[in-house]
Amino acid sequence: MATSEARAQIGVTGLAVMGSNIARNFARHGYTVALHNRSIGKTDALLEAHGGEGDFVRTETVEEFVAALEKPRRVLIMVKAGDATDAVIEELADAMEPGDIIIDGGNALYTDTIRREAAMAARGLNFVGAGISGGEEGALNGPAIMPGGPKESYESLGPMLESIAAQVDGTPCCTHIGPDGSGHFVKMVHNGIEYADMQLIGEAYNLFRDALGFDAKQIADVFTQWNTGELESYLVEITAEVLNQVDAKTGKPLVDVIVDAAEQKGTGRWTVKSALDLGIPVTGIAEAVFARALSGSRTQRAAAKGLASGVLGEKPTDVAEFTEAIRQALYASKIVAYAQGFDQIAAGSAEYNWDLHPGDLATIWRGGCIIRARFLNRIKEAYEADPALPSLILAPYFREAIEKAIDSWRRVVVVATQLGIPVPAFASSLSYYDGLRAERLPAALTQGQRDFFGAHTYERIDAEGKYHTLWSGDRSEVPA
Ligand code: 6PG
């Protein structure tokens, strides 16, 4: 361990669990890692527990930390997103030199990253907003990494990030995403899809519990089984683990003693806000965010207990058949969630001129990250076959999968509705699909109403241009 020479290839500041694990991951891959934390206690705790895993440089002050790095210096910030990140960036920027690279590995809001990148560029520094997914375990053993920022900085940084990332079929789950905030934008949408996927899994769980009367262990067995097929994914795998967990205090399944109010740190909400601005219907993600909000409205929910359900339908009797129907509904709705997420990425790319490649994202999401899943290989193939795919749903593989699932999907939504079981994401995904494929939507009426009360004009199906009806006059039509 040394403190004076500038010999570390990477510095990590912010040594909570994610930062510590990433630092260890770098060290285990043979890099010399300079360590820094606001309070030295965390640095020493890391060195004491894991100092033998590789070559670390202990530093106390920012100046010492920066001086320990070889040039161009590379510093990875792993602190809480928001003001804490700005404070660390400012301190580092003062101590660093033109050409050095600052990487923000937190869950930053992409518009903050755009602002920070511009501010650092004005000082000659390269700023890389890098989405990192995979939680604590991924950080240590191989996360998915989504670095944005200047292409030039990726030349020196990329090989390091690629070496610590998860690898699938020999391909690292890390690639240069695009300029400025694109890495964090893509990570944000990743999290939005994560929310949708979790909500869909939750709805499936709810149906097993309330429509089929399964206990947690029985439901865990179904998810374990599903994880051997086309639904194979990290989230399905951990669902079985969570459902199998028994509470030591009560002997009940842990899931039955956890309060049913979901929390959120904000990335799902950001995804929906951004989708609203871009005009992209991410209905699955939005329902997931709202379902968490509803679950958290504990006062209202307590007051609403006992509200009438109306006459409820019969529970399904063919357990095997309904289990398979739920699986199909989950798969089809999941395809919709991904299709919507990829639509948002395409829209973000166009809005900010990022030139993002959806196939690359599908490739790097195959491993390391929370939404890793077998079917990402299919998404990768779909975009390889047609990079300009208008919707993922239209790729032959997914189109067939949905056509196979559609009857079951409808049945699940109908049965859930008849039983009074909420399935907001299953239902809204199905409605989205029906809306997308509809020959004619009620939007024609909306346009007529808008023209009536606000002279907002409309287009005709049989002529070019815009038109207005003189609603408060003789109701003749005039070109607008
Ligand atoms: C990941 C996760 C990670 C974090 C979520 C949790 O990709 O590793 O998405 O970023 O666990 O932000 O989000 P919520 O607290 O909003 O559920």
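In what follows, every heavy atom counts, from backbone to side chain, and hydrogens, waters and symmetry copies are set aside. What you see is a predicted model, and the numbers here were worked out from it, not measured in a lab. Note that ligands are numbered from 1 as they come in the structure, with each ligand's atoms numbered from 1 the same way.
- Residues S153 and N126 have side chains that never bring a donor and an acceptor to within less than 3.5 angstrom of each other.
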Pair E400-K404, salt bridge (charged side-chain N to carboxylate O under 4.0 Å, His left out): steps then yes or no:
CA-CA 6 Å; E400 275 166 35; K404 202 170 139 223; over 6 Å; no
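- The protein heavy-atom contact nearest to atom 7 (O) of ligand 1 is S133 OG, 2.5 Å.
- Looking only at heavy atoms of the protein, atom 4 (C) of ligand 1 is closest to N107 ND2, 4.3 Å.
- If you check the side chains of E324 and Q328, you find a donor sitting under 3.5 Å from an acceptor.
- For Q225 and D221, the side-chain atoms include no donor-acceptor pair closer than 3.5 Å.
- Using a 4.0 Å cut-off to heavy atoms of H190, the atoms of ligand 1 that qualify are 7 (O).
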After noting the C-alpha distance and the side-chain angles of R116 and D86, does the key distance pass the salt bridge (charged side-chain N to carboxylate O under 4.0 Å, His left out) rule?
CA-CA 8 Å; R116 289 167 181 152; D86 277 316; 2.9 Å; yes
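- Checked by distance only, ligand 1 and K187 come closer than 3.5 Å through their nitrogen or oxygen atoms.
- Counting heavy atoms from C-beta on, the side chains of S333 and W409 come closer than 4.5 Å.
- With ligand atoms numbered from 1 in the order given, ligand 1 contributes 1 (C), 2 (C), 7 (O), 8 (O) to contacts under 4.0 Å with heavy atoms of I370.
- The closest approach between G266 and ligand 1 falls below 4.0 Å for a heavy atom of the residue.
- Annotation: Q264 places no N or O atom under 3.5 Å from an N or O atom of ligand 1; distance criterion only.
- The list of salt bridge (Lys or Arg N to Asp or Glu O under 4.0 Å) pairs with a residue in residues 163-172, not counting sequence neighbours, reads D169-R366.
- Remark: ligand 1 and G135 share an N or O pair separated by less than 3.5 Å (distance only, no angle test).
- Ligand 1 has a nitrogen or oxygen under 3.5 angstrom from a nitrogen or oxygen of G134.
- Among residues at least two apart or in separate chains, side-chain hydrogen bond (donor to acceptor under 3.5 Å, both in side chains) pairs with a member in residues 277-288 are T283-Q340.
- A side-chain donor-acceptor contact under 3.5 Å links T113 and H184.
- Of the protein's non-hydrogen atoms, E194 OE1, 3.5 Å is the one closest to atom 2 (C) of ligand 1.
- In terms of protein heavy-atom proximity, atom 16 (O) of ligand 1 is nearest to Y195 OH, 2.4 Å.
- Under 4.0 angstrom from ligand 1, the non-hydrogen atoms of R292 all belong to its side chain.
- With ligand atoms numbered from 1 in the order given, ligand 1 contributes 5 (C), 7 (O), 9 (O), 10 (O), 12 (O) to contacts under 4.0 Å with heavy atoms of N191.
- For atom 12 (O) of ligand 1, the nearest protein heavy atom lies closer than 4.0 Å.
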